[in-house]
2 protein chains.
Amino acid sequence: MARREKTTQVREQIVKRTDDLLYKKGFNLMSFTDIAEVADVPRGNIYYYFKTKDDVLKAVIEYRIEGMKQMLTEWETNYPTPLQRLKRYAQIPLNEKQRVIEYGCPMGTLNSELGKSQTSLQHLAKQQMDIFNNWLTKQFTLLIADQGSNQSAAELAEHLLILTQGMSVISHIYKDESILLREVQNIEKWLDSCVATV
Amino acid sequence: MARREKTTQVREQIVKRTDDLLYKKGFNLMSFTDIAEVADVPRGNIYYYFKTKDDVLKAVIEYRIEGMKQMLTEWETNYPTPLQRLKRYAQIPLNEKQRVIEYGCPMGTLNSELGKSQTSLQHLAKQQMDIFNNWLTKQFTLLIADQGSNQSAAELAEHLLILTQGMSVISHIYKDESILLREVQNIEKWLDSCVATV
DNA sequence: GTCTATATGAAGATAGAC
DNA sequence: GTCTATCTTCATATAGAC
């Protein structure tokens, strides 16, 4: 195997496994020792691939963003209507319910953590949210296209983000799956009503 | 001044000022050096009042809970109807908008932070949320008393918690006050509609 | 009760042998 | 490219003089 390929492969393994670790421990409690352990790479070796812990975070977020973009593109081919796509988005917390209950939303909790006196890192974490926000705005634009709605697509997208973040926070705190189920059903009704007001 | 009074006074000063510090830095990034600095007490001296950092957290949360209980009791005398009280609750993020934009919700962000592999501490943080949750449930019970509503008061309370947590998260990430304003108005309409369905 | 000095451990990061 | 040994810094926590 060529040298560059090997490097890329090990680097990818570190990033993939650190993604999960970051989610479960948070950024500040995640140490290089932890990273080395889950990545199955000698501790000092991580520094061959990443200069600093911030660099690791950056790589993990970029990896996450790649996955999100790919997922959203797939959805656009698999679900023909914006209503279906928006409902699919709202399903995420329910599909990931065990993890949401145990650790919260990976995107929201990271933003909350870094939002406290680590603004340069929070800016990185925000990029994840931007991906969803932009995509949701696009879907809502299509949804309410010829409906003189009194709310803009951007506002509707923000509202949907608020609902998914809120239910992740509360269901996480109360360790209660039924909250997710109920709230997702509410969201589906609300999305239907957005179309119905023609 | 009697010895016991002096101790209580210094202890209270540490707790009050650490409350703010905890909010702004989060638990894991808040060091004893920071605490000593904001409390204006020599570093090693904190240990006379608190054995561990966890003990400081416990005291701060107890202090917060006391303040919350007092506030809610005041509301019950100042606002005669449950509708007014619920609207007053929804106003909190708007009243605290600068701080919410900069640091998020003090209660929600603490829960999110401690919810990751620090479950014994998260249990403490959850107690804050319980205070609001129980009080909101009580208000919703009064609100929908004789209305055969299809949603229970507990579910409505959880939904309101979700909305306030969600808007805190999103407005914090996007540093956008207008989100708070818009969402609080939405909540007020929703609360009105809860009564209107008689 | 107050404060200083310090023990102890773990973190991020580096140097350099292999 | 890989891995070990180690540097430095800063954290929590303690001992003990005053």
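Just so we're on the same page: letters track the sequence lines, and every chain starts at 1. Just the heavy atoms: all of them, side chains too, but no hydrogens, waters or symmetry mates, feed the values below.
- A cation-pi arrangement is found for A:Lys53 relative to A:Phe27, the charged atom lying closer than 6.0 Å to the ring centre and inside a 45° cone about the ring normal.
- Protein atom CZ of A:Phe32 is 17 Å distant from nucleotide atom C1' of D:dT4, rounded to whole Å.
- Here C:dA10 presents its C1' atom at 16 Å from CE of A:Met30, a figure rounded to the nearest Å.
- The distance from atom OH of B:Tyr47 to atom P of C:dT8 is 15 Å, rounded to the nearest whole Å.
- The distance from atom CZ of A:Arg43 to atom C1' of C:dA13 is 8 Å, rounded to the nearest whole Å.
- Here D:dC10 presents its P atom at 18 Å from CG of B:Asn28, a figure rounded to the nearest Å.
- In terms of modelled atom types and a separation under 3.5 Å, the side chain of A:Gln13 and the main chain of A:Ala39 share a donor-acceptor contact.
- Judged by distance alone, the side chain of A:Lys116 and the main-chain N or O of B:Tyr103 form a donor-acceptor pair under 3.5 Å.
- By the 6.0 Å contact criterion, NZ on B:Lys16 is open, its count of non-hydrogen atoms from other residues, nucleotides or ligands being 12 or less.
- In the set C:dA13, C:dT4, D:dA13, the nucleotide with an atom closest to the side chain of B:Pro42 is C:dT4.
- Residue A:Thr33 places at least one side-chain N or O under 4.0 Å from the OP1 or OP2 atom of C:dA11.
- Comparing atom distances between the A:Thr52 side chain and each of C:dA13, D:dA11, C:dA11 picks out C:dA13 as nearest.
- Atom CG in B:Asp40 sits about 14 Å away from atom C1' in C:dT2, given to the nearest Å.
- We find that NZ of B:Lys53 is positioned 13 Å from C1' of D:dA13, with the value rounded to whole Å.
- Considering only the side chain of A:Asn45, D:dC3 comes nearest among D:dC3, C:dT4, C:dG12.
- When the C1' atom of D:dC3 is taken as reference, atom OH of A:Tyr48 falls 13 Å away, rounded to whole Å.
- Within the 4.0 angstrom heavy-atom criterion, no nucleotide atom of any strand lies near A:Phe50.
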